[in-house]
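Single-structure report; data block below.
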Amino acid sequence: MALLVSIRSSISSLILAISLAAATIFPAHAAQNPPAIFVFGDSLSDVGTNNALPDGYHANHAHYGVDFPGGVATGRFTNGYNFIDGIAQHFGFEQSPPAFVPVSRGDNHVSKGVNFAHVSKGVNFASGGSGIMVECMDGTAKKCITMDKQIDNFKQVRTLLEQLLGSKYMNQLVSNSLFVFTCGSNDLNNFFDKYSCIFPFAPIDEYVANLTSAFNSQLRKLYELGGRKFAVINVPALGRIPTARALDVFNITGINFERVLNGYAQKFNKAEAAMLRELSSSTLPGMKYSIGNAYSVIMDVTNKPKKYGMKNVVDPCCGNVQFVPALPPVNITYCSPTAWLCSNRSEYAFWDNIHPTQPVIKYGGELFYSGVPPYATPINFKQLVGDDQTAPRRGASLRGVGSFEAM
Ligand SMILES: *[C@@H]1O[C@H](CO)[C@@H](O)[C@H](O)[C@H]1NC(C)=O
Ligand SMILES: *[C@@H]1O[C@H](CO)[C@@H](O)[C@H](O)[C@H]1NC(C)=O
Ligand SMILES: *[C@@H]1O[C@H](CO)[C@@H](O)[C@H](O)[C@H]1NC(C)=O
Ligand SMILES: *[C@@H]1O[C@H](CO)[C@@H](O)[C@H](O)[C@H]1NC(C)=O
């Protein structure tokens, strides 16, 4: 008994000591709004998660990162900063929160103030190649971290924050934080790959319904874990990415793959928007969202290159894609140290065979942050975060979180 009490009291004084150490770091961020950013999704958001996967999709080699500070290839799937960096910078952070893997490496990370400082500003769980339902396995090779696993990883970080801050402050931190998502593109691309030969009969409506419902469950899970502010970047105009454009040659046969792929993206984006509206208006009290319209951003830039200072909105700046009369019909030269590199990155809309260049990302990020519909709906990311400083909203979100203290 006495032993138990003394163990208990030394554990609580240990936790108190850690909390105090945390508190000395915490106030600096408490003033920041949002206090932290948690990121989920695919290669549009990944800042190095995949670097730790030996068989993963990688961007931690030249020419990736050629325009990142120091010219470093960090694992970001573009030439410079990605969407998440841009959004984080608008909110006063230096760049995206760190990838989950480096943060979680090592057993003693709980006691390290420096890692706490990282975690307390958020974590980026995104993994290139992932989707909403993408399983991330190619035979026995693990290509990426699934969305469900990303959410489990968030749960771990949440537990760590709870140990460090106590549940009340952890819940405050989580409910005021921004949860950002880029997902759906790889699901739709995989569906297209599977059905493209017989595309008129592809059960796209059913697939979109399945995808939307899976994403709905994932968002609910994050809501149960305390998330309230969801910033969702929708699926870009997939028909305009260089790999899809290479199939334009089929247009003369009456099959327009660009239209098929853009149609997939539009269907999903519409269903996703309806799902989010429903969740926030009637299902999850205090849940708020903003949709950043990546679809419109890519359409704008590819429809009117000159207006955006672009000279080439069809080909990748790094690597090459080319139609070949063979299977598969697109010959892709991936971006690598030996791949061709365009001479002026700011004149290309696409960095590699899939991902946009930094100028396009910057244009999009600004619109998601402070733009108006159709670029940011129903409110923009700034409003999503700023809104909560008003008393009624804050009350609502804290009430919703209250139930966790009982758990
Ligand atoms: C949608 O989900 C149902 C139920 O899991 C499944 O039977 C069906 O095959 C799915 N449809 C598509 C197109 O993936
Ligand atoms: C494909 O064909 C349609 C109809 O002929 C045309 O309007 C469209 O511009 C073509 N698309 C491309 C990418 O060439
Ligand atoms: C694919 O592209 C590469 C580089 O552009 C080229 O060397 C190769 O011959 C192409 N393959 C085919 C089948 O055309
Ligand atoms: C790159 O292109 C941009 C936009 O056209 C132009 O302003 C800039 O001067 C170019 N830079 C170089 C090094 O040519």
Side-chain angles (χ1 to χ4, degrees), residues 62-63 66-67 71 78-80 130-137 146-148 183-218 235 238 242-250 260-261 263-268 270-272 275 300-302 304-354 356-363:
H63 298 295
V66 62
D67 296 309
T78 185
N79 55 314
S130 77
I132 292 166
M133 303 196 305
V134 174
E135 284 171 3
C136 286
M137 295 303 291
T146 65
M147 183 65 106
D148 288 332
C183 55
S185 299
N186 290 318
D187 300 274
L188 294 169
N189 277 331
N190 291 353
F191 180 85
F192 175 81
D193 284 347
K194 186 170 163 192
Y195 285 104
S196 53
C197 301
I198 53 158
F199 78 90
F201 311 108
I204 183 65
D205 291 328
E206 187 183 303
Y207 187 71
V208 161
N210 285 4
L211 259 191
T212 311
S213 143
F215 191 32
N216 180 309
S217 305
Q218 289 159 344
V235 172
L238 299 174
T243 308
R245 278 284 178 96
L247 294 170
D248 276 354
V249 63
F250 283 114
V260 171
L261 274 164
Y264 286 4
Q266 281 172 326
K267 268 183 205 273
F268 173 72
K270 199 174 158 203
E272 179 181 66
M275 182 270 285
D300 280 2
V301 173
T302 52
K304 296 200 170 113
K306 265 207 199 107
K307 184 173 169 195
Y308 300 96
M310 298 284 159
K311 294 209 169 124
N312 188 329
V313 297
V314 174
D315 302 305
C317 169
C318 182
N320 190 32
V321 291
Q322 179 190 29
F323 172 78
V324 287
L327 274 177
V330 180
N331 179 18
I332 302 172
T333 309
Y334 293 98
C335 181
S336 75
T338 54
W340 180 78
L341 182 66
C342 72
S343 62
N344 190 340
R345 273 92 67 184
S346 51
E347 293 177 341
Y348 276 68
F350 290 96
W351 165 247
D352 61 10
N353 61 308
I354 295 176
T357 48
Q358 206 186 321
V360 176
I361 288 170
K362 186 159 180 280
Y363 166 66

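Just so you know, ligand 1 is whichever comes first in the structure, and atom 1 is the first atom listed for that ligand. FYI, side chains are in, hydrogens and waters are out, and symmetry mates aren't considered; it's all heavy atoms of this structure.
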Practice task
Would you check whether Tyr207 has a nitrogen or oxygen atom less than 3.5 angstrom from a nitrogen or oxygen atom of ligand 1?
Solution key: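 No, Tyr207 has no N/O under 3.5 Å of an N/O on ligand 1.
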
Which heavy atom of the protein is the closest neighbour of [atom], given with residue, atom name and distance?
atom: atom 9 (O) of ligand 1; result: Glu206 OE2, 3.7 Å
atom: atom 12 (C) of ligand 4; result: Asn344 ND2, 3.3 Å
atom: atom 5 (O) of ligand 1; result: Asn210 ND2, 4.9 Å
atom: atom 1 (C) of ligand 3; result: Asn331 ND2, 1.4 Å

Problem - Cys342/Cys318 sulfur atoms closer than 2.5 Å - result: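 With an SG-SG separation of 2.5 Å or more, Cys342 and Cys318 do not form a disulfide.
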
Practice task
Return a yes/no value for Glu347: is any of its N or O atoms, backbone included, closer than 3.5 angstrom to an N or O of ligand 4?
Solution key: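 There is such a contact, yes.
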
Just jot down the ligand 3 atoms closer than 4.0 angstrom to any heavy atom of [X], in number order.
X: Val324; value: 12 (C), 14 (O)
X: Thr333; value: 2 (O), 4 (C), 5 (O)
X: Gln322; value: 1 (C), 2 (O)

Exercise for the section: State whether the side chain of Ser130 and the backbone N or O of Cys136 hold a donor-acceptor pair below 3.5 Å, judged by distance alone. Expected result: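 Side chain of Ser130 to backbone of Cys136: no pair is present.
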
Problem - Asp187 side chain to Met133 backbone, donor-acceptor under 3.5 Å - result: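 Checking the backbone N and O of Met133 against the side chain of Asp187, a donor-acceptor pair under 3.5 Å is found.
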
Practice task
Could you go through the side chain to side chain donor-acceptor pair (under 3.5 Å) check for Thr243 and Asn353 one step at a time?
Solution key: CA-CA 6 Å; Thr243 308; Asn353 61 308; 3.2 Å; yes

How close do [X] and [Y] get, heavy atom to heavy atom, and via which atoms?
X: Pro359; Y: Arg345; result: CG-O, 4.3 Å
X: Phe268; Y: Val208; result: CA-CG1, 3.9 Å
X: His63; Y: Ser336; result: CD2-O, 3.1 Å

Handout entry: For Ser346, the ligand 4 atoms whose distance to one of its heavy atoms is below 4.0 Å
Key =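 The list of qualifying atoms is 1 (C), 2 (O), 3 (C).
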
When you measure from [atom] to the protein, is at least one non-hydrogen atom found at a distance under 4.0 Å?
atom: atom 14 (O) of ligand 1; result: yes
atom: atom 3 (C) of ligand 1; result: yes
atom: atom 7 (O) of ligand 3; result: no

Problem - Pair Asn312, Glu347: side-chain N/O donor-acceptor within cut-off below 3.5 Å - result: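 No, because no side-chain N or O of Asn312 sits under 3.5 Å from a partner of the opposite role on Glu347.
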
Problem - Parallel, tilted or perpendicular: ring planes of Phe191 versus Tyr207, cut at 30 and 60 degrees - result: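 Judged by the thresholds at 30° and 60°, the geometry between Phe191 and Tyr207 is parallel.
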
